[in-house]
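See below for the structure under consideration.
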There are 4 protein chains.
Amino acid sequence: MPPTPLRDLFQNNLQDDQELPAKQKQVLQAALDLFAVQGFDNTTTKQIATLANVSEGTVYKRFKTKEQLLTAVLKPIITDVTPQMASEFKRVITNHPFESISDLIITIGKDRLQFVWDNQKELRILLGEILKQTQPVKEFTQLITTTIVPAVYHQFDQLKERNKLINWDNERIFQYIISVLLGYGARIVIFSSPIELEQTLTETAEFFERGLAPNK
Amino acid sequence: MPPTPLRDLFQNNLQDDQELPAKQKQVLQAALDLFAVQGFDNTTTKQIATLANVSEGTVYKRFKTKEQLLTAVLKPIITDVTPQMASEFKRVITNHPFESISDLIITIGKDRLQFVWDNQKELRILLGEILKQTQPVKEFTQLITTTIVPAVYHQFDQLKERNKLINWDNERIFQYIISVLLGYGARIVIFSSPIELEQTLTETAEFFERGLAPNK
Amino acid sequence: MPPTPLRDLFQNNLQDDQELPAKQKQVLQAALDLFAVQGFDNTTTKQIATLANVSEGTVYKRFKTKEQLLTAVLKPIITDVTPQMASEFKRVITNHPFESISDLIITIGKDRLQFVWDNQKELRILLGEILKQTQPVKEFTQLITTTIVPAVYHQFDQLKERNKLINWDNERIFQYIISVLLGYGARIVIFSSPIELEQTLTETAEFFERGLAPNK
Amino acid sequence: MPPTPLRDLFQNNLQDDQELPAKQKQVLQAALDLFAVQGFDNTTTKQIATLANVSEGTVYKRFKTKEQLLTAVLKPIITDVTPQMASEFKRVITNHPFESISDLIITIGKDRLQFVWDNQKELRILLGEILKQTQPVKEFTQLITTTIVPAVYHQFDQLKERNKLINWDNERIFQYIISVLLGYGARIVIFSSPIELEQTLTETAEFFERGLAPNK
DNA sequence: AATGAATGAGGGTTCATTCAT
DNA sequence: TATGAATGAACCCTCATTCAT
């Protein structure tokens with residue numbers, strides 16, 4: 001079961017929000033779509049209003065600032081991406097611990113790269129803002145390091161115990177894996193180049209299996 | 001001998017240009033510095049003029065558009081980064097072919113990561129513009145693939161011949177290596193986090209030595 | 001017994017009005033308070049609604065325009081200030097005619113300057129709007145001249161008859177007195193500077209007693 | 001020789017300013033005229049631009065804010081009104097000391113009331129802003145009290161020495177005189193009601209001559 | 001060639017006013 | 001009747017770009 005696309009998550013979130021009037025939801029949706037395609041700076045509040053079928057005044061009714069609009073758009077993305085990733089790990093941990101580093105890479109990679117592919121546009125906003133070091137994004141990175149990273153390290157430790165993983169620093173191992181996976185992700189987001197997901201991951205797993213095999 | 005910082009390369013290039021009037025050179029230099037710190041969108045032509053000690057009109061004497069100014073700033077970066085990287089490989093190739101994948105990673109990594117560290121700001125512009133898919137940047141990526149990639153592949157082939165590298169597709173091998181190295185680069189550019197260059201690379205090399213060792 | 005503060009007069013008037021719904025009364029009260037502090041231009045209909053514990057729509061239920069709101073606020077002030085001032089004179093006239101110009105100045109001055117002190121804020125609106133030559137304010141000045149002025153002139157005449165006042169034009173005498181008294185008033189309204197009421201008036205009376213003594 | 005109208009003083013000042021481009025002068029002149037007629041809040045930068053035959057951008061070229069424009073307009077008024085008034089006193093002091101309180105009132109009154117009459121509009125801006133307690137106006141009042149007031153007090157002292165003025169506190173005497181004179185001024189500014197200057201002042205002087213005569 | 005004043009379209013934002021519920 | 005979401009004109013201000021000097 002592939003992860004839900006961000007845009008859908010976003011929309012669901014909006015619909016669940018009882019307080020937010022319909023038009024305000026349209027505003028957020030329009031802002032998301034426009035920011036994703038044109039970037040924050042190159043998007044006009046007028047454009048947002050038009051795409052949302054709403055007057056410009058309505059855009060400012062709830063969100064007092066264009067900046068606040070960005071935050072409102074970014075926040076659900078951030079708060080959804082992170083917990084989902086975290087839960088992904090936790091779920092697998094409790095249900096059936098990873099048999100091998102291969103297992104871990106393929107399971108996570110499949111899920112997350114699919115997610116990236118499904119959400120190219122949305123993630124491009126994130127990337128753009130990361131480069132600007134916007135405040136909400138700083139929180140994001142911190143969130144990642146406090147939730148996901150420990151979960152992964154825990155997995156590493158378990159694999160090490162069962163002698164399925166080389167006895168290097170968790171940080172070091174994480175670095176390599178995350179770099180390669182993010183490398184794929186970056187190519188998707190930046191160049192929209194498709195990936196032969198299944199095979200690519202199998203090969204990648206094979207590589208890490210070699211590189212991270214414990215010394216016998 | 002560490003690679004020359006982009007800013008110096010840029011300046012040298014400017015001074016060599018006989019056609020460009022002095023004031024125009026100041027303009028380009030100012031534009032580079034400001035774009036790097038504030039980004040393209042958040043930089044004013046007035047700011048450029050002021051920093052360049054030049055009138056606003058002068059900024060537009062040669063470069064008819066702010067966009068053209070960006071191009072003019074980006075182009076030397078692109079055309080300098082690429083050949084240098086290419087020549088880096090070629091030089092090492094001709095002088096003394098890499099003894100091992102370790103050798104390659106450490107040599108190249110040392111050089112390029114140092115380069116990244118020295119040019120964080122400038123590279124951040126590049127990254128920002130890459131996300132916007134600006135025209136000059138598309139050329140950049142193409143340039144890379146036509147000059148650097150073949151050079152590296154050639155190295156891979158040689159290592160394979162001498163049975164020092166596993167017989168996988170060059171592209172696949174390249175993917176892994178470039179991902180890990182760019183991973184370090186990204187961390188530098190985005191978070192300005194320093195790196196224990198020497199040791200990091202030695203460890204990284206060790207990892208790849210394992211992962212990419214030929215089947216015996 | 002000091003004169004009732006305008007704000008209270010205003011409130012009483014509102015409560016007496018049977019036709020006006022409770023919420024509308026709250027609106028007027030809020031408008032008065034806000035206009036007094038921030039001025040008409042710098043007060044938002046939203047602010048009025050909020051302070052009145054009422055929706056923005058309700059503000060416009062009866063008063064079709066922000067301008068009408070100002071009128072509605074100004075009118076009771078005007079129609080209350082003036083009659084009260086007029087009756088003040090008349091009352092004193094009928095009860096016990098002034099013994100001297102001193103008597104008149106001290107009696108009136110005490111009452112009116114106290115009034116000014118108690119209603120600085122409200123009067124500041126009036127002054128501000130006077131400068132803009134708003135319609136309701138024109139009525140105000142007219143009202144003053146038709147009610148108060150004759151009452152005072154009548155007093156002057158009586159004093160003259162008893163040889164207690166110089167035989168100058170009433171208008172001229174009025175000018176001097178009103179100027180000095182308004183001078184005190186202005187200082188209060190503009191600079192909020194307190195006044196030693198009792199002594200100041202005694203001294204002022206002494207001055208006028210000299211300046212306006214009849215030729216013997 | 002009547003005092004130069006503010007608008008002319010203003011214009012002269014502008015023309016003397018070598019640095020200020022012609023269009024900027026038009027901007028200030030237009031701002032002055034519009035503020036005087038409509039008040040600050042009700043004047044649009046677009047209106048200013050139109051009246052000045054200038055683009056809206058030009059309005060903001062030198063004056064970064066509408067508020068700064070007000071300051072720029074107010075400053076010359078303030079800095080011209082005050083010194084002129086001060087010098088008026090000083091000039092008369094040195095040349096020929098006032099013979100009597102009559103002399104003082106007529107001399108000063110003539111000059112200043114003429115000035116008020118000639119500059120109704122401009123002074124109305126001042127008054128409007130005084131009520132708002134804007135910063136530049138606070139300086140104004142302070143300037144008055146530190147320059148003019150002492151000069152007048154000095155005159156009072158001299159008259160007292162020569163037994164031509166009652167021995168009251170200078171402040172008290174000043175109060176009465178200024179109130180009556182400002183009373184005339186206010187009527188001019190607010191109601192544009194003309195004054196029979198010469199006669200009015202003669203009468204006023206007579207009144208003060210009585211009220212402020214020394215005890216024999 | 002260089003200046004910097006001038007332009008004017010357009011951006012973000014506010015707010016009096018309207019109207020569906 | 002009361003609500004408050006919605007409107008849209010207009011405001012202040014910015015800035016890439018032009019042009020007279």
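Residue numbering restarts at 1 for every chain, and letters A, B, ... go by the order of the sequence lines.
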Review point. Would you find a donor on one side and an acceptor on the other, under 3.5 Å apart, between the side chain of Lys64(C) and the backbone of Lys61(C)?
Key: yes
Review point. Which whole-number value in Å describes the distance from Leu69(A) CG to dG11(E) P?
Key: 16 Å
Review point. For Glu56(B), which of Thr44(B), Thr50(B), Thr45(B) qualifies under side chain to side chain contact (heavy atoms under 4.5 Å, CB included)?
Key: Thr45(B)
Practice item. Considering just the side-chain nitrogens and oxygens of Gln24(A), establish if one lies under 4.0 Å of OP1 or OP2 belonging to dA6(F). Key: yes
**Study point:** Nearest heavy atoms of Lys66(A) and Phe40(A), plus distance in Å
**Key:** NZ-O, 3.1 Å
Revision key, fill the gap. Per-nt protein contacts along nucleotides 12-17 of chain E (heavy atom under 4.0 Å; B base, S backbone sugar-phosphate only, - none) come out as SBB-BB
Review point. Is there side-chain contact between Gln24(B) and Phe63(B), with heavy atoms separated by less than 4.5 Å?
Key: yes
Check your understanding: Any side-chain heavy-atom pair from Asn42(C) and Asp41(D) closer than 4.5 angstrom?
Key -> yes
Revision key, fill the gap. Residues Thr58(C) and Lys23(C): closest non-hydrogen pair is CG2-CB, 4.2 Å
Review point. DNA chain E: Ser55(B) or Val54(D), which has the more 5' nearest nucleotide?
Key: Ser55(B)
Check your understanding: When you look at Lys121(C) and Asp33(C), which way does the salt bridge (charged side-chain N to carboxylate O under 4.0 Å, His left out) test go after all the steps?
Key -> CA-CA 8 Å; Lys121(C) 289 183 183 174; Asp33(C) 291 343; over 6 Å; no
**Study point:** Bracket notation of DNA chain F in which parentheses pair within the strand, [ ] cross earlier pairs, and | pairs with another strand (Watson-Crick or G-U, under 3.5 Å)
**Key:** .||||||||||||||||||||
Review point. Please give, in whole Å, the distance from dT21(E) C1' to Lys23(A) NZ?
Key: 13 Å
Revision key, fill the gap. Sorted by position of nearest nucleotide on DNA chain E, 5' first, the leading residue of Arg62(B) and Val59(D) is Arg62(B)
Practice item. Let me know the distance between CG of Asn53(A) and P of dG8(F), rounded to the nearest Å. Key: 12 Å
Exercise for review: Write down the distance between CZ (Phe63(B)) and P (dA1(E)), rounded to a whole number of angstrom.
Suggested key: 13 Å
Point to revise | Between C1' of dT1(F) and CD of Glu19(C), the distance in whole Å | key: 17 Å
Review point. Side chains of Thr71(A) and Thr65(A): closer than 4.5 Å at any heavy-atom pair?
Key: no
**Study point:** Arg7(B) vs Gln29(B), side-chain contact (heavy atoms from CB on, under 4.5 Å): CA-CA, chis, key distance, verdict
**Key:** CA-CA 8 Å; Arg7(B) 201 175 182 280; Gln29(B) 189 67 50; 3.2 Å; yes
